[in-house]
Amino acid sequence: MKREVYVDIVAAMRVCGSRESMLQEITTKYPDVSNDTLLSIYSHLYQKHTMQTLPRHRQTANMETYYQQYLQLKERNASGHILLDMANEIYLAPTLMARIVLERYCRHKMKDETYRSLISKWIAHPSLIPSRSLAAEVYQCVLQDLNYGPLVDHIKHSVGLRCEQQLTEKLRQLGASFSDEEELQARQFPSTPDVKLDVPVAINGFVVNWIESKAMFGDEQTILGHLQDQLWNYRNLFGPGLVIYWFGFVDDMNCYQKQGFLLMDQFPASIVLMDSA
């Protein structure tokens with residue numbers, strides 16, 4: 001994706017009222033950009049915003065205010081999605097609002113700090129919450145949260161596995177010999193890409209020793225983060241390699257080939273298998 005297109009999409013996302021209106025508006029202007037790509041960009045922007053604003057929401061005074069607001073609305077027999085409406089009103093992930101209210105609920109109901117180990121369990125399994133009304137509210141938040149929470153984590157994990165399976169199936173069809181991440185971990189490598197080729201391959205004249213699968217869009221911040229946290233380790237251990245950002249990336253970030261990193265947004269159409277002899 002051209003950087004100017006990415007910048008324009010991000011600007012549009014910042015002013016759109018909802019995820020649905022964002023998709024409709026941007027797909028009309030850029031019909032060639034897939035929904036998967038747009039949702040990946042949106043998710044990254046949403047999480048970045050959340051990380052910037054969450055400390056303010058988690059200040060003790062604010063957390064208590066949210067909890068008391070919930071109790072007051074509950075007393076008024078408000079609708080069955082009080083926490084969801086509260087979260088949407090302040091542009092906070094519903095699951096995070098549920099977590100904040102749960103923490104204050106426990107703080108008021110329990111005298112010691114043992115409740116802290118319960119919060120994540122209750123978010124994953126709201127039926128375990130002693131208060132049936134609060135359990136229903138938390139369940140609604142988790143179910144409706146499209147950017148955070150256990151449901152979203154499961155979906156992202158599933159998409160990641162699907163992309164990795166697509167990668168390994170393509171390699172098997174080519175007859176390429178490789179070790180996957182699990183096999184590399186069993187051999188106690190300190191850093192493990194998704195695929196380590198037993199014999200290097202050539203892609204457009206670039207030698208590839210390993211392949212990393214990323215089920216996301218690669219913006220500048222994301223790619224630089226991956227370089228620092230993972231990719232340089234792979235390069236130092238195994239030599240140059242390929243990173244596939246299945247939902248696209250900012251084109252001008254494919255500028256690290258001299259350092260040993262090739263970026264693509266799909267499985268390469270042409271691969272030359274090298275002679276193992």
Side-chain angles (χ1 to χ4, degrees), residues 1-58 66 79-100 123 137-163 166 213-226 243-254 263-266:
M1 180 184 292
K2 298 296 184 184
R3 181 174 288 271
E4 55 266 29
V5 173
Y6 170 73
V7 170
D8 190 46
I9 287 174
V10 168
M13 287 180 174
R14 294 191 189 280
V15 298
C16 285
S18 67
R19 209 170 82 145
E20 291 71 25
S21 63
M22 174 273 294
L23 286 173
Q24 183 176 3
E25 178 179 331
I26 297 177
T27 52
T28 300
K29 186 172 183 180
Y30 296 107
D32 294 335
V33 180
S34 71
N35 278 2
D36 285 338
T37 295
L38 292 177
L39 290 174
S40 182
I41 295 172
Y42 180 82
S43 177
H44 179 75
L45 291 175
Y46 189 95
Q47 291 181 29
K48 183 178 180 181
H49 167 81
T50 299
M51 294 303 294
Q52 292 172 341
T53 58
L54 186 59
R56 171 170 53 86
H57 294 301
R58 288 195 57 81
Y66 299 145
S79 64
H81 40 80
I82 298 171
L83 295 185
L84 186 62
D85 290 343
M86 287 172 56
N88 290 336
E89 186 177 342
I90 61 173
Y91 198 57
L92 179 66
T95 300
L96 296 178
M97 174 60 78
R99 180 177 288 274
I100 286 173
I123 291 290
E137 290 283 344
V138 172
Y139 178 77
Q140 187 84 337
C141 285
V142 172
L143 192 63
Q144 296 294 328
D145 198 330
L146 302 177
N147 297 286
Y148 267 89
L151 184 60
V152 175
D153 290 342
H154 285 310
I155 292 173
K156 288 182 177 180
H157 181 67
S158 177
V159 172
L161 288 178
R162 185 189 69 198
C163 290
Q166 181 178 345
S213 171
K214 297 294 186 186
M216 63 185 68
F217 181 86
D219 58 26
E220 182 172 355
Q221 183 181 18
T222 298
I223 292 172
L224 291 177
H226 289 158
V243 186
I244 302 178
Y245 287 96
W246 293 98
F247 302 148
F249 59 90
V250 178
D251 287 354
D252 59 27
M253 290 303 296
N254 194 13
L263 306 186
M264 302 188 78
D265 61 5
Q266 60 184 342

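Note that this is a predicted model, so its numbers are computed, not measured.
- When side chains are defined from C-beta on, L23 counts as touching N35, because their heavy atoms get closer than 4.5 Å.
- Two residues are said to be in side-chain contact when any heavy atoms from C-beta on lie closer than 4.5 Å; N147 and V152 fail this criterion.
- At a threshold of 4.5 Å between non-hydrogen side-chain atoms, the residues T222 and K214 do not count as touching.
- Contact annotation: the side chain of M216 never approaches that of H44 to less than 4.5 Å [non-hydrogen atoms, C-beta and beyond].
- Remark: the backbone N or O of F247 is not paired with any side-chain donor or acceptor of D36 at under 3.5 angstrom.
- Side-chain atoms of E220 and V250, non-hydrogen and from C-beta on, never get closer than 4.5 Å to each other.
- In this structure, the side chains of Y91 and Y46 come closer than 4.5 Å at one or more pairs of heavy atoms.
- Residues satisfying the salt bridge (charged side-chain N to carboxylate O under 4.0 Å, His left out) test with K156, not counting sequence neighbours, are none.
- Here CD of Q166 is found 9.5 Å from CD of Q266. Values are rounded to the nearest 0.5 Å.
- Aromatic ring centres of Y245 and H226 lie closer together than 6.0 Å.
- Contact of the L54 side chain with the L92 side chain is registered, since non-hydrogen atoms from C-beta on lie closer than 4.5 Å.
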Note to self: side-chain hydrogen bond (donor to acceptor under 3.5 Å, both in side chains), that's the test. Do S43 and Q47 meet it? Break it down for me.
What the structure shows: CA-CA 6 Å; S43 177; Q47 291 181 29; 3.1 Å; yes
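- The closest donor-acceptor contact from the side chain of D265 to the backbone of W246 lies at 3.5 Å or more, if one exists at all.
- Legend: residues meeting side chain to side chain donor-acceptor pair (under 3.5 Å) with D252, ordered by chain and number and at least two apart, are R3.
- A pairwise comparison of heavy atoms in N88 and P94 identifies OD1-CG, 4.4 Å as the closest pair.
- Residues I223 and G218 come closest through the heavy atom pair CD1-O, 3.5 Å.
- Enclosure of atom OH in Y139 is not indicated, since only 12 or fewer non-hydrogen atoms of other residues, nucleotides or ligands lie within 6.0 angstrom.
- Put simply, the side chain of V33 does not reach to within 4.5 Å of the side chain of I26, judged on heavy atoms.
- Taking each heavy atom of I90 and H57 in turn, the nearest pair found is CD1-CE1, 3.6 Å.
- Here the straight-line distance linking atom CD of E137 with atom CG of D85 works out to 8.5 Å at 0.5 Å rounding.
- Nearest heavy-atom pair, I123 versus V142, reported as atom, atom and distance to 0.1 Å: O-CG2, 3.7 Å.
- Distance alone, capped at 3.5 Å, places no donor-acceptor pair between the S158 side chain and the H154 backbone.
- The two residues C141 and T95 come nearest to each other via the heavy atoms O-OG1, 4.0 Å.
- The aromatic ring centres of F217 and Y42 sit 6.0 Å or more apart.
- Nearest heavy atoms, G160 versus A215: CA-CB, 3.9 Å.
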